[in-house]
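Protein chains get the first letters and strands the later ones, always in sequence-line order, with residue 1 at the start of each.
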There are 2 protein chains.
Amino acid sequence: MDANTTERGVNFCHSCAIRNRAICADLDNEEIGMLNAIGRRRRLKAGEQILWEGDDAVLVANVIEGVMKLSTQTSDGKEQILGLSYPSDFLGRPFGQTTPYGVEALTDAHVCVFQRSDFDRFAREHPKLEHKLLERTLTELDRTRRWMLLLGRMNAEQKLASFLLETADRLAPASCSFIADEAPVHFELPLARQQIADVLGLTIETVSRQFTKMKKEGLIDLPSRREVTILDRQALEDRAE
Amino acid sequence: MDANTTERGVNFCHSCAIRNRAICADLDNEEIGMLNAIGRRRRLKAGEQILWEGDDAVLVANVIEGVMKLSTQTSDGKEQILGLSYPSDFLGRPFGQTTPYGVEALTDAHVCVFQRSDFDRFAREHPKLEHKLLERTLTELDRTRRWMLLLGRMNAEQKLASFLLETADRLAPASCSFIADEAPVHFELPLARQQIADVLGLTIETVSRQFTKMKKEGLIDLPSRREVTILDRQALEDRAE
DNA sequence: CGGGACTTTGATCCTTATCAACTTATGTGG
DNA sequence: CCACATAAGTTGATAAGGATCAAAGTCCCG
């Protein structure tokens with residue numbers, strides 16, 4: 001069988017925007033063909049959910065485009081966002097029984113989905129893929145632990161400043177790529193105020209007040225609800241500590 | 001060469017307390033022999049540090065006995081404990097340049113240490129090991145994300161109740177193993193009050209007050225500073241939500 | 001334009017941090 | 001073995017940061 005096509009149609013992987021950044025980066029053409037055969041692309045509307053906390057873990061996916069949120073709730077209904085996934089990030093829980101958190105698209109998104117059983121089998125037979133997945137999972141664990149410092153020890157100002165800086169960095173590769181200063185000074189927030197609050201462990205009112213304060217102090221500008229311009233990156237970094 | 005011995009002495013792995021639970025569980029005798037050859041055992045005193053945040057990542061290790069803490073600090077010196085490692089847990093950052101957090105023994109401990117370069121090479125040549133490490137890392141990521149909910153959305157009472165329940169569960173395998181109710185009702189805390197505060201993102205005073213309150217309410221008993229007896233597990237679970 | 005969702009702003013309250021004093025353990029040398 | 005020193009933990013008083021409750025303002029999309 002030609003590695004470039006599958007029963008499900010053409011091999012999307014060759015033209016994939018994240019071909020060189022996702023966990024499939026190290027696979028050769030034949031392997032990519034096999035992976036392509038068990039996966040399929042799926043478009044998601046902003047707000048659409050693809051994984052539900054507590055469900056059997058049936059799907060895993062790569063994010064190709066857009067921003068996804070991983071979240072859970074306390075029993076009294078307060079949400080906590082556990083992480084955000086950007087293009088080339090991996091989603092879902094391979095080698096596990098249940099999905100440990102819900103996953104929802106924040107923006108219109110594009111993902112590459114696999115049945116977990118298919119993916120697990122493929123991964124076990126392809127150590128190169130498992131290795132990439134391991135490196136990615138280790139990086140994600142580091143990032144998550146850094147976020148714990150934010151949640152456990154930072155005040156509202158430090159939290160929002162850190163969030164804005166990280167968002168700018170993470171959005172960078174997708175937009176332009178000035179190498180000198182990678183992070184865009186101007187960007188569009190993939191999250192509404194309430195969602196930012198859920199990421200930072202704050203209330204929407206506190207987030208709003210901090211935005212207003214930073215704007216008054218000239219650190220940022222807010223041309224519209226979803227737009228942010230960083231006017232004084234150094235000062236913002238100082239606030240984030 | 002006999003797989004049971006190395007230049008550094010006998011193969012400790014065969015009698016290792018965590019032989020069947022750590023990432024080396026799936027290796028056969030020959031492989032274990034090779035791993036044994038590049039590792040060495042090390043005893044740590046309570047309070048001894050083996051990894052420093054920001055250093056080059058030169059070491060990785062398995063915890064054999066004792067409890068280790070992973071921690072980082074804000075620039076103004078407040079500590080945040082990022083996680084605790086119990087026997088059979090893996091420590092350190094393979095495939096990475098720098099150590100992302102400090103690691104210190106909370107109790108007298110026993111670890112099995114590898115040069116990261118040796119370990120990385122061995123792992124890449126042994127997919128079975130990499131797979132175990134991947135599963136462990138995924139589990140650790142899940143656990144860490146659950147901890148984010150605690151840090152971001154729980155109040156002091158919920159935090160301490162959750163901490164006591166998790167500590168009881170994690171200490172279980174080391175102590176007795178009643179299968180009916182695995183978690184011991186009575187156990188010794190591996191952490192001092194200040195360290196508990198650093199785990200939970202609270203101050204020592206708040207932790208102390210919560211301990212006193214729970215004791216007054218008959219949920220727990222505190223025979224000594226480091227000892228805890230759970231008197232009403234159900235009530236404790238209700239407090240943790 | 002008009003309605004609904006999202007956001008900002010204001011007033012007040014509550015939890016937890018902070019500061020300070022006191023108590024209880026742990027350990028050391030006379 | 002006890003007295004004293006030091007570290008660890010508890011308790012109390014006060015303050016501050018953020019939550020909560022309430023209302024007004026703004027944007028967006030039909």
Atom pair distance, as rounded to whole Å: [atom1] in [X] and [atom2] in [N]:
{"X": "A/R226", "N": "C/dC6", "atom1": "CZ", "atom2": "C1'", "value": "10 Å"}
{"X": "A/Q158", "N": "D/dG18", "atom1": "CD", "atom2": "C1'", "value": "14 Å"}
{"X": "B/K213", "N": "D/dG12", "atom1": "NZ", "atom2": "P", "value": "15 Å"}
{"X": "A/L160", "N": "C/dT7", "atom1": "CG", "atom2": "P", "value": "13 Å"}
{"X": "B/R193", "N": "C/dT24", "atom1": "CZ", "atom2": "P", "value": "15 Å"}
{"X": "A/I204", "N": "C/dA5", "atom1": "CD1", "atom2": "P", "value": "14 Å"}
{"X": "B/D198", "N": "C/dA17", "atom1": "CG", "atom2": "C1'", "value": "14 Å"}
{"X": "A/F211", "N": "D/dC27", "atom1": "CZ", "atom2": "C1'", "value": "16 Å"}

- Mind checking the CG-CG spacing from B/L106 to B/L44? Nearest 0.5 Å is all I need. 11.0 Å

- Interatomic spacing from CE in A/M214 to CG in A/L164 - rounded to 0.5 Å: 6.0 Å

- Item | Result of checking B/Q210, B/E157, B/Q158 against B/R239 for side chain to side chain donor-acceptor pair (under 3.5 Å) | B/E157

- Message: When you measure from the side-chain N and O atoms of A/T212 to the phosphate of C/dT9, is any distance below 4.0 Å, counting only OP1 and OP2?
- Response: yes

- Flag side-chain contact, heavy atom, 4.5 Å: A/K213 against A/R209: no

- Indicate the atoms forming the closest heavy-atom contact of A/I81 with A/Q195, along with that distance. CD1-O, 3.4 Å

Collect all protein-nucleotide pairs involving nucleotides 19-21 of chain D in which both atoms are nitrogen or oxygen and the distance is under 3.5 Å.
| unit_1 | atom_1 | unit_2 | atom_2 | d |
| --- | --- | --- | --- | --- |
| D/dA19 | OP2 | A/T203 | N | 3.4 |
| D/dA19 | OP2 | A/T203 | OG1 | 2.9 |
| D/dA19 | OP2 | A/T206 | OG1 | 2.4 |
| D/dT20 | O4 | A/R209 | NH2 | 3.0 |
| D/dC21 | N4 | A/E205 | OE2 | 3.0 |

- Task: Would you confirm whether the ring centroid of B/F119 sits within less than 6.0 angstrom of the ring centroid of B/F90?
- Result: yes

- Message: Go nucleotide by nucleotide along DNA chain D from the 5' end; which of A/R225 and A/N155 gets its closest nucleotide reached first?
- Response: A/N155

